[in-house]
Amino acid sequence: MGNHEPTTITKRTLTEGLPQPAGPYSHVATVGDLVITAGFGPQDPVTGEIPESVAAQTDAVLRNVATALGAVGADLDDVLKATVHLADVHRDFAEFNAAYAAHFEAPYPVRTTVGSVLPGILVEIDVVARRGGALR
């Protein structure tokens, strides 16, 4: 086994312009150029309102993700992987998928989409990104 220095998280951030976390966690963490976000829902950061449709919720979630990424010098173009939770995969996948695709260009980030219990919301997304151009 080689000698490895322990990985140090260089920054954990609570970001203005995002909904307050529902628990004891940060919005985003960075290690070097690696960026990891918390899971974001569709809550408007100012009003707390939640859109009704899965497409509108997907757009709101990805705006929240983009805000978190922007706080540490990254954007949606830097996303390597997205993990998506849908409250009803069978009913909502096609509508979600179309809304999601509007925020990314090919080659798309790697993605996992699963069904989850999401009280009061239809979509939650977290991402892993690399500052400086994951896909460029």
Side-chain angles (χ1 to χ4, degrees):
M1 297 272 163
N3 291 333
H4 296 286
E5 293 293 319
T7 302
T8 301
I9 295 177
T10 56
K11 186 176 184 182
R12 292 185 182 120
T13 305
L14 284 174
T15 303
E16 287 186 36
L18 288 172
Q20 285 298 305
Y25 59 87
S26 297
H27 289 129
V28 63
T30 59
V31 179
D33 287 338
L34 186 66
V35 180
I36 305 162
T37 73
F40 286 98
Q43 295 84 352
D44 181 279
V46 175
T47 66
E49 291 183 24
I50 299 170
E52 288 189 32
S53 73
V54 72
Q57 285 198 22
T58 301
D59 291 336
V61 168
L62 289 171
R63 281 193 304 273
N64 286 336
V65 169
T67 298
L69 292 171
V72 295
D75 60 36
L76 291 176
D77 289 338
D78 297 323
V79 172
L80 296 167
K81 180 176 191 325
T83 302
V84 177
H85 300 267
L86 294 177
D88 190 328
V89 176
H90 297 290
R91 178 192 69 205
D92 293 337
F93 184 80
E95 185 180 344
F96 152 77
N97 202 46
Y100 176 92
H103 291 269
F104 295 97
E105 295 180 9
Y108 299 105
V110 173
R111 186 177 85 193
T112 300
T113 305
V114 297
S116 296
V117 176
L118 301 172
I121 63 174
L122 302 174
V123 183
E124 181 175 313
I125 301 173
D126 64 86
V127 302
V128 176
R130 180 179 160 265
R131 289 185 285 203
L135 303 176
R136 295 177 197 152

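Minimum interatomic distance between Glu95 and Ala55 (heavy atoms only, all atoms of both residues): OE2-N, 3.1 Å. Taking both residues in full, the closest heavy atoms of His85 and Asp126 are given as NE2-OD2, 4.3 Å, listed atom of the first, atom of the second, then distance. Looking at every heavy atom in both residues, Ile50 comes nearest to Gly120 through CD1-O, 3.8 Å. For the residue pair Gln57 and Glu52, the shortest heavy atom distance occurs at NE2-O, 3.9 Å. Looking at every heavy atom in both residues, Ile121 comes nearest to Pro42 through CG2-CD, 3.6 Å. Here the closest heavy-atom approach between residue Pro45 and residue Asn64 is recorded as CD-OD1, 3.9 Å.
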Could you walk me through whether Arg63 and Asp44 pass the side chain to side chain contact (heavy atoms under 4.5 Å, CB included) check? CA-CA 9 Å; Arg63 281 193 304 273; Asp44 181 279; over 6 Å; no
Apply the test side chain to side chain contact (heavy atoms under 4.5 Å, CB included) to residues Leu76 and Val65: give CA-CA distance (whole Å), side-chain angles for both, the deciding distance (0.1 Å), then the verdict. CA-CA 8 Å; Leu76 291 176; Val65 169; 4.0 Å; yes
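No side-chain heavy atom of Thr37 sits under 4.5 Å from any side-chain heavy atom of His27. Inter-residue side-chain proximity for Val110 and Leu80 is flagged as unmet; no heavy-atom pair is nearer than 4.5 Å. Under the 4.5 Å side-chain criterion, counting only non-hydrogen atoms from C-beta, Val61 is not in contact with Glu124. Looking at heavy atoms from C-beta onward, Val35 lies in side-chain contact with Leu69 at the 4.5 angstrom threshold. Contact annotation: the side chain of Lys81 never approaches that of Val127 to less than 4.5 Å [non-hydrogen atoms, C-beta and beyond]. Using a 4.5 Å cut-off on side-chain heavy atoms (C-beta onward), Thr30 and Arg131 make contact. In this structure, Leu86 and Leu122 have side chains that are not in contact, with every pair of non-hydrogen atoms separated by 4.5 Å or more. Between Val128 and Val79 the shortest side-chain heavy-atom distance does not fall below 4.5 Å.
At least one donor-acceptor pair closer than 3.5 Å links the side chain of Thr47 to the backbone N or O of Glu49. For the pair Asp78 (side chain) and Asp75 (backbone), a donor-acceptor distance under 3.5 Å is present. Gln43 places no side-chain N or O within donor-acceptor distance of the main-chain N or O of Gly48, the cut-off being under 3.5 Å.
Both Tyr108 and Phe93 belong to a common hydrophobic cluster when Ile, Leu, Val, Met, Phe, Trp and Tyr are linked at side-chain heavy-atom distances under 4.5 angstrom.
Tyr100 has its ring centre less than 6.0 Å from the ring centre of Phe96.
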